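Report on the structure given below.
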Amino acid sequence: MNANTTNSGTTTADTLPNPGDATQLRHVLGHVPTSVTIVTALSRGLPIGVTVGSFSSVSLDPPLVNFFIDRSSTTWPRLNESSTFTVNVLGMDHAHLCRSFSRRGADRFEGVDWEPSPSGNPVLSEAIAALDCSRYKVDIIGDHIQVVGRVESMQLQNAGLPLVFYRGDFLRLGCGPDSSRQAGEA
């Protein structure tokens, strides 16, 4: 890869040779910051949950959100048993929860405080927000499963800054949103 200098003095790079190379694609996409959430549900009467770094809003009318989960996930089959799920948005001081819910073969809820959502799914006490959803649509796309949910209820538990994953690590945000803008401004 060769670097070039533009007229404005910034440095650009040549195109990487193979977008089909998973390692190169992961490296490039690592430069896109992503929120970190934990998707929870009840399966056979027990709480289940998994860390998800691919959560986003889909539609305001109807209120839809989505996340992607790896097809090889061992949690997905149990999560898929439930027709509802809750997306717990993590705050920037909750990297420990992200790691806990990423472990295989462990009780991910050990030592984690939670309350049931209106549909009974775990709402993590430390989450900054929670969206309780009914399953709307599930599609297999490439090596992942896209899960779309209709938001049935939601709660903002605190106004803290979110946990953000960037370039293989957690990004420490320095300040909150620009408070000089009025609500609704783009």
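Because the structure is a prediction, the values reported are computed rather than measured.
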Got a sec, which pairs hit salt bridge (Lys or Arg N to Asp or Glu O under 4.0 Å) with one end in residues 37-51, sequence neighbours left out?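 Listed by first then second residue: R44-E81.
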
Of the non-hydrogen atoms in V123 and P116, which two are nearest, and what is the gap between them?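 Looking at all heavy atoms of both residues, the shortest contact is CG2-C, 4.5 Å.
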
For a quick test of reading the model, state the closest non-hydrogen atom pair linking P122 to L42 and the distance between them. CD-CD2, 4.3 Å

Side-chain heavy-atom pair [X], [Y] within 4.5 angstrom cut-off:
X	Y	answer
F55	F68	no
L97	V112	yes
F67	I69	yes
C133	V65	yes

Gap separating the [atom1] atom of [X] from the [atom2] atom of [Y], nearest 0.5 angstrom:
X	Y	atom1	atom2	value
D70	S54	CG	OG	10.0 Å
I48	N121	CD1	CG	8.5 Å
T40	F101	OG1	CZ	7.5 Å
R135	T84	CZ	OG1	9.0 Å
I38	F85	CD1	CZ	15.0 Å
D132	N88	CG	CG	9.5 Å

Going only through I, L, V, M, F, W and Y residues with side-chain contacts under 4.5 Å, is there a path from W76 to V87?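 Same cluster: W76 reaches V87 through Ile, Leu, Val, Met, Phe, Trp or Tyr contacts under 4.5 Å.
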
Hey, any chance V52 and L131 share a hydrophobic cluster, counting ILVMFWY side chains that come within less than 4.5 Å of each other, even indirectly?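 In one cluster: yes.
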
So does D113 get a backbone contact from the side chain of S125, meaning a donor-acceptor N/O pair under 3.5 Å? yes

Using side-chain contact (heavy atoms from CB on, under 4.5 Å), reason through L46 and F109 one step at a time and then give a plain yes or no. CA-CA 10 Å; L46 297 174; F109 283 88; over 6 Å; no

So T51 and R108, side chain to side chain donor-acceptor pair (under 3.5 Å) or not? Walk me through it. CA-CA 10 Å; T51 299; R108 296 174 178 171; over 6 Å; no

Could you work out, with ring-ring contact (aromatic ring centres under 6.0 Å, His included) as the rule, every residue matching Y136, not counting sequence neighbours?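 With sequence neighbours excluded, Y136 shows a ring-ring contact (aromatic ring centres under 6.0 Å, His included) to no residue whatsoever.
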
Only pairs under 3.5 Å count here: list side-chain donor-acceptor contacts from residues 137-156, not counting sequence neighbours, and write none if there are none.
from : atom 1 : to   : atom 2 : distance (Å)
Q146 : NE2    : N66  : OD1    : 2.8
E152 : OE2    : S134 : OG     : 2.6
Q155 : NE2    : Q157 : OE1    : 2.6

